[in-house]
There are 2 protein chains.
Amino acid sequence: MTEQGFIQPLFTVDNVMFAINNARLYVLLVKRAIAPYHNNWSLPGGFVDIALDKDVEACAMRKLKQKTGLTPAYLEQLEVFSGADRDPRGYSVSLAFFALLPYTPVSSQINSVSQASWWPFDQLTQLTLAFDHQLIIAQAHQRLQQKALYSMLPVFCLPATFTVGQLKMVIETILGKEIQRKSLMRRIEASDMFTLTEQKQVSGGRQAQLYQLKPGVDITHFSRNMGA
Amino acid sequence: MTEQGFIQPLFTVDNVMFAINNARLYVLLVKRAIAPYHNNWSLPGGFVDIALDKDVEACAMRKLKQKTGLTPAYLEQLEVFSGADRDPRGYSVSLAFFALLPYTPVSSQINSVSQASWWPFDQLTQLTLAFDHQLIIAQAHQRLQQKALYSMLPVFCLPATFTVGQLKMVIETILGKEIQRKSLMRRIEASDMFTLTEQKQVSGGRQAQLYQLKPGVDITHFSRNMGA
DNA sequence: CCTTAATAGTGTCACTAGGACACTATATTC
DNA sequence: GAATATAGTGTCCTAGTGACACTATTAAGG
């Protein structure tokens, strides 16, 4: 209750974390250990702990770490989902986050009965997810595709050093269509965000140059289209 | 308290509503009638009423109507601001909305001691606003400028029918710099969102064509840069 | 009237980003 | 040392847009 005497809605945080493995897009889900939606798969999230979480971003990070053992390479606010009907416990407000990470196998048992696992994005329609999590994932996926077109965000799905070929694969997986290698190289050049390393990487043919992020670069502020 | 036994943070909604009058950008502020920040100017907002508000968007609309008498022509989620220190009443989470409206004078007295008024954006630095509202407004302004570059959102600052000259003025006011009339006309053409009306409008010289939004068009989904 | 000023709208050139795609380069494998 | 596979370049074409001079249409005032 607030000082006004109103009942406050439940406030929660949910995370849509994407990764790419073997040219497939995956989403991280956890099996719910408690009601409601007991034993259903759902997005990792939960309530803010005002003693532990500096802000909602810290809460999102903590929940991911706690429930999946992973720490995202990139995290941003997606959108707030709200209403009386999305949670059987009552009127609820959930801030969804959108996260990226290089693919890492999850140790499916963290500390309790709860279970975490990567699910191929294109198989999610076959699952019954908790709450409105299907909708949240759909929104997150749309945002991911948008940002793959006009930003360098997809590099967060790769290790610190990566090749143009790897980045091309990641972007193509996200967009679901081929892009021009040449265009991608022009973008890498134009962005001025990356430097060549001394090393090269074998890949079955000519060895590829390894790129890495320049120190102190804000990768979120780059524009220009690709394959629109 | 949740069933987990945690204390829930306070959840509120804040609105940054912009309008343009006489080639100046204005933000709508209200004078706080209660503590904290009693008598300080602040963004119109407040707590969700789970009995009245279908979702957070409905809450934002209701608060605007209630506190200022106005209904925005455009409303979208901006960002969540959160932390232990932004509200003296305790850990708080506020979802900020970003709203546009054709300029309308506000009847400064609504129903009580509270007072609403348009403030020129470029004078806000001289005011001491409640909470972190300066920051929220700064973020909203950045978003407004971004969207003015690559979308048609600024039309929501104009009446249902408008001329190219008016739209040019609105965009220039938002961006704080001149744009090419020709480029704007190309955009209007390319967007395929508007139709010419039969009417023309006097403006001291040749009469201008009046445009209006095509019915059923989703104005939020248009791209292309302008004056970047 | 006819001229001037003011605003509306067009024609067109140049520049740039990006798609398409053929070309060269360098590695592995047999 | 040829075949093959992947990496990287050269270059043409098109579309979007800034720049800016041009034409068009109105009101106001001699």
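Predicted model only: the values in this text are computed from it and were never measured. Every chain is numbered from 1 and lettered A, B, ... according to where its sequence line falls, protein lines coming before strand lines.
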Worksheet item: How long is the line joining CD of B:Glu178 and C1' of D:dT17, in whole Å?
Response: 17 Å
Worksheet item: Expressed in angstrom and rounded to an integer, what is the separation of B:Gln209 atom CD from C:dT7 atom C1'?
Response: 14 Å
Worksheet item: Rounded to the nearest Å, what distance is computed from the CE atom of residue A:Met169 to the P atom of nucleotide D:dT6?
Response: 13 Å
Practice prompt. Indicate whether any N or O donor in one side chain lies under 3.5 Å from an N or O acceptor in the other, for A:Gln201 and A:Gln209.
Written response: no
Practice prompt. Starting at atom OH of A:Tyr150, determine the distance to atom C1' of C:dG18, rounded to an integer number of angstrom.
Written response: 18 Å
Worksheet item: Is any side-chain N or O of A:Arg181 under 3.5 Å from a base N or O of C:dG19, one able to act as donor and the other as acceptor?
Response: no
Practice prompt. Compare all side-chain heavy atoms of A:Leu43 with those of A:Asn15 and state whether any distance is below 4.5 angstrom.
Written response: no
Discussion item. If you compare every side-chain N and O of A:Gln180 against the phosphate oxygens of C:dA20 (OP1, OP2), does one of them come in below 4.0 Å?
Written reply: yes
Worksheet, complete the sentence: From CE of B:Met185 across to P of D:dC22 the rounded distance in Å is 20 Å
Worksheet item: What's the NZ-C1' distance between A:Lys168 and D:dG8, to the nearest Å?
Response: 12 Å
Discussion item. Is it the case that over 12 heavy atoms from other parts of the model lie below 6.0 angstrom from the NZ atom of B:Lys147?
Written reply: yes
Practice prompt. Could you state the atom-to-atom distance from CG of A:Leu167 to C1' of D:dG8 in whole Å?
Written response: 15 Å
Discussion item. Counting primed atoms plus P, OP1 and OP2 as sugar-phosphate and everything else as base, spell out the protein contacts along nucleotides 24-30 of chain D at 4.0 Å heavy-atom distance: B, S or - for each nucleotide, 5' to 3'.
Written reply: BBB----
Item to complete: Report the nucleotide, chosen from D:dG18, D:dG8, C:dG19, that has the shortest atom-to-atom distance to any side-chain atom of A:Arg186.
Response: C:dG19
Practice prompt. Only counting residues at least two apart or in another chain, list the ones meeting side chain to side chain donor-acceptor pair (under 3.5 Å) with A:Asp132.
Written response: A:Arg86
Worksheet item: For the side chain of B:Lys182 and the base of D:dG18, is some donor closer than 3.5 Å to an acceptor across the two?
Response: no
Worksheet item: What pairs with B:Asp218 under salt bridge (Lys or Arg N to Asp or Glu O under 4.0 Å), at least two apart in sequence or on another chain?
Response: none
Worksheet item: What's the CZ-P distance between B:Arg187 and C:dG9, to the nearest Å?
Response: 17 Å
Item to complete: Could you tell me whether B:Asp85 atom CG has more than 12 heavy atoms of other residues or ligands within 6.0 Å of it?
Response: no
Worksheet entry | A:Tyr103-A:Trp118 aromatic ring centre distance below 6.0 Å | yes
